[in-house]
Amino acid sequence: MGNSSFLGEVFSFLMKRKAWWLAPIVIVLLLVGVLVVVGQSSSVSPFIYALF
């Protein structure tokens, strides 16, 4: 195991279990998380809020 990152472990789980149907869900959740972080703490937030 060693010094694996969280994303590395998720990818390893998907490879071992052959659960490729989970990959789009994980990607969408990561993108939403990044959007929330960027939307709260930058000058880009007015443009992000305009999308919704």
Side-chain angles (χ1 to χ4, degrees):
M1 207 52 81
N3 201 5
S4 296
S5 67
F6 176 72
L7 293 178
E9 291 199 22
V10 170
F11 183 71
S12 173
F13 172 79
L14 294 177
M15 292 283 290
K16 288 180 185 174
R17 302 282 184 162
K18 295 185 179 16
W20 292 111
W21 58 273
L22 280 174
I25 297 170
V26 171
I27 292 170
V28 167
L29 286 175
L30 288 173
L31 289 175
V32 168
V34 167
L35 186 66
V36 166
V37 169
V38 169
Q40 289 182 353
S41 63
S42 73
S43 60
V44 184
S45 57
F47 301 107
I48 294 173
Y49 294 136
L51 293 174
F52 299 103

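For clarity, every value in this text was computed on a predicted model and none was experimentally measured.
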Heavy-atom side-chain contact between Ser5 and Glu9 under 4.5 Å = no

Transitively linked via ILVMFWY side-chain contacts under 4.5 Å: Val26 with Phe6?
-> yes

Hey, does Trp20 have a side-chain heavy atom less than 4.5 Å from the side chain of Met15?
-> yes

List for me each residue that meets side chain to side chain contact (heavy atoms under 4.5 Å, CB included) alongside Ile25, sequence neighbours excluded, and say none if there are none.
-> Trp21, Leu22, Leu29

